There are 2 protein chains.
Amino acid sequence: MTSSAHGHPSAFPKPGHNHARCTSDALRRAEAVCASRKVRLTEIRRRVLEAVWQSHVPVGAYDILSQLNAGGGRTAPMQIYRALEFLMDNGLVHRIASLNAFIGCAHMGEDNHAAQFLICRSCGTTAELESAPLKRALIQAVAERGFTIDSQIVEISGFCPHCTPKGRT
Amino acid sequence: MTSSAHGHPSAFPKPGHNHARCTSDALRRAEAVCASRKVRLTEIRRRVLEAVWQSHVPVGAYDILSQLNAGGGRTAPMQIYRALEFLMDNGLVHRIASLNAFIGCAHMGEDNHAAQFLICRSCGTTAELESAPLKRALIQAVAERGFTIDSQIVEISGFCPHCTPKGRT
DNA sequence: CGTATAATGTTATGTTATAACATTTACAAG
DNA sequence: CTTGTAAATGTTATAACATAACATTATACG
Ligand SMILES: [Zn+2]
Ligand SMILES: [Zn+2]
Ligand SMILES: [Zn+2]
Ligand SMILES: [Zn+2]
């Protein structure tokens, strides 16, 4: 039902949207997911999730580290990576392989979905793309080659609707 | 016309194939590409390309480095990365983002193509997937969201035909 | 030749990620 | 409420991947 930026489901996050709401929605849903899965959203995991949700731009593990340590903390990289692993295992965060960075999942709680991403080269904003036809085409193409699919990475780089120069396709 | 493992174009590289031929084909085509593009396939670039083509398993930059330095060489990481950059710029090698590794392009000389990859979790063998329907579905899905595509990464992990347990889909 | 450009060599450092082990915390069985 | 135990966290060190900056050498072309 919810979407990354309160518009209709396929909307790309808009520059001026009420992002505080994205964050609070995300945290609320994360609590629910963890409760239903009987896993614990501990302090550090929650703080890492908050850091990830500070924007729709994927964030590096060491950026998260800096944030957590901004007030004189002593958190170590390992702890960040462990929290991220937990968040990914529970479908709360995705890793963007092409950026070595992480982003909050826009569809928490929904079935462990294989996500595709649109990454804006200009503003960095990254959105999940849920395209059934694309998924079908992918499964079809792979099956034709006798390959058994296990997981997939689809990361598309370009210009988001808000950064596309006028007149461009 | 050629394919990664001498079968018909969509065949996945077979375990026992004559891989020496893959390598020599690749080097010959690379020479041709470089000649036609008026760029130089220098000694180190050629050696890196050979290293990449030692198998159909993506190879890390530091693995290449070890190979080149096996006989007491003193090549530095920077030189490997520069050679790889050249090879990628000229469409001779692809980077596999999910593995931080590199693999020889199966379609050298053909138009700078956006490739998709099938990566076997068992044997590591990685093949390029050229699926027009997939490409179309991708372009379509992206366009619908008002996104201007620039480049794309598609990396599918699973089991190749030769590693798929019997009875598995 | 002389000179500009491309390529390579060299040193140092930045960035991302994990290994290994110690300590603390949560939680339930007794 | 202890006490065992599994989960989570803390800590130190290091592995793995990648680039910056600058010096030197090779190539091409007038
Ligand atoms: Zn938002
Ligand atoms: Zn943008
Ligand atoms: Zn081969
Ligand atoms: Zn295989």
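No experiment lies behind these values; they were computed from the predicted model shown.
When distances run from any side-chain atom of A:R95 to the nucleotides C:dT11, C:dA20, C:dT16, the shortest one goes to C:dT16. Listed nucleotides C:dA26, D:dT11, C:dT10 differ in distance to A:Q79; the shortest reach to its side chain belongs to D:dT11. The side chain of B:I44 lies closest to C:dG9 when the candidates are C:dA20, C:dT10, C:dG9.
Put simply, CZ on A:R40 is 16 Å from P on D:dA6, counting in whole angstrom units. Atom pair A:N69:CG and D:dT11:C1' shows a separation of 13 Å (rounding to whole Å applied). Straight-line distance from the CD atom of B:E43 to the P atom of D:dT25: 19 Å, rounded to whole Å. Here the P atom of nucleotide C:dA6 and the NZ atom of B:K38 are 16 Å apart, to the nearest Å. In this structure, CZ of A:R74 is placed 18 Å from C1' of C:dT24, rounded to the nearest angstrom. The nearest whole Å value for the distance from the CG atom in A:D63 to the P atom in C:dT16 is 7 Å. Between B:R46 atom CZ and C:dA7 atom P there is a gap of 17 Å when expressed in whole angstrom units.
Nearest-nucleotide positions on DNA chain C for A:A61 and A:R82 put A:A61 closer to the 5' end. Residue order along DNA chain D, read from the 5' end via each residue's closest nucleotide, puts A:A83 first among A:A83 and A:P77.
Between B:Q54 atom CD and B:T23 atom OG1 the span is 7.5 Å, to the nearest 0.5 Å. For the atom pair CG of B:D150 and SG of A:C120, the computed distance is 10.0 Å after rounding to the nearest 0.5 Å.
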Take A:E31 and A:C34, measure what side chain to side chain contact (heavy atoms under 4.5 Å, CB included) needs, and give me the verdict at the end.
CA-CA 5 Å; A:E31 302 272 17; A:C34 288; 5.9 Å; no

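Taking a centre distance below 5.5 Å and an interplanar angle below 30 degrees as the stacking criterion, A:Y62 does not stack against the six-membered base ring of C:dT15.
Using a 4.0 Å cut-off, no side-chain N or O of A:N100 falls inside it from OP1 or OP2 of D:dC17. The side chain of B:T42 places an N or O atom within less than 4.0 Å of a non-bridging phosphate oxygen (OP1 or OP2) of C:dT8. The phosphate of D:dT9 has OP1 or OP2 within less than 4.0 Å of a side-chain N or O from A:R45.
Between A:F147 and B:F159, the distance separating the two ring centers is not shorter than 6.0 angstrom.
One cannot find a donor-acceptor pair under 3.5 Å joining the base of D:dA20 and the side-chain atoms of B:Y81.
Among B:D63, B:L84, B:L87, the single residue meeting the side chain to side chain contact (heavy atoms under 4.5 Å, CB included) criterion with B:V52 is B:L84.
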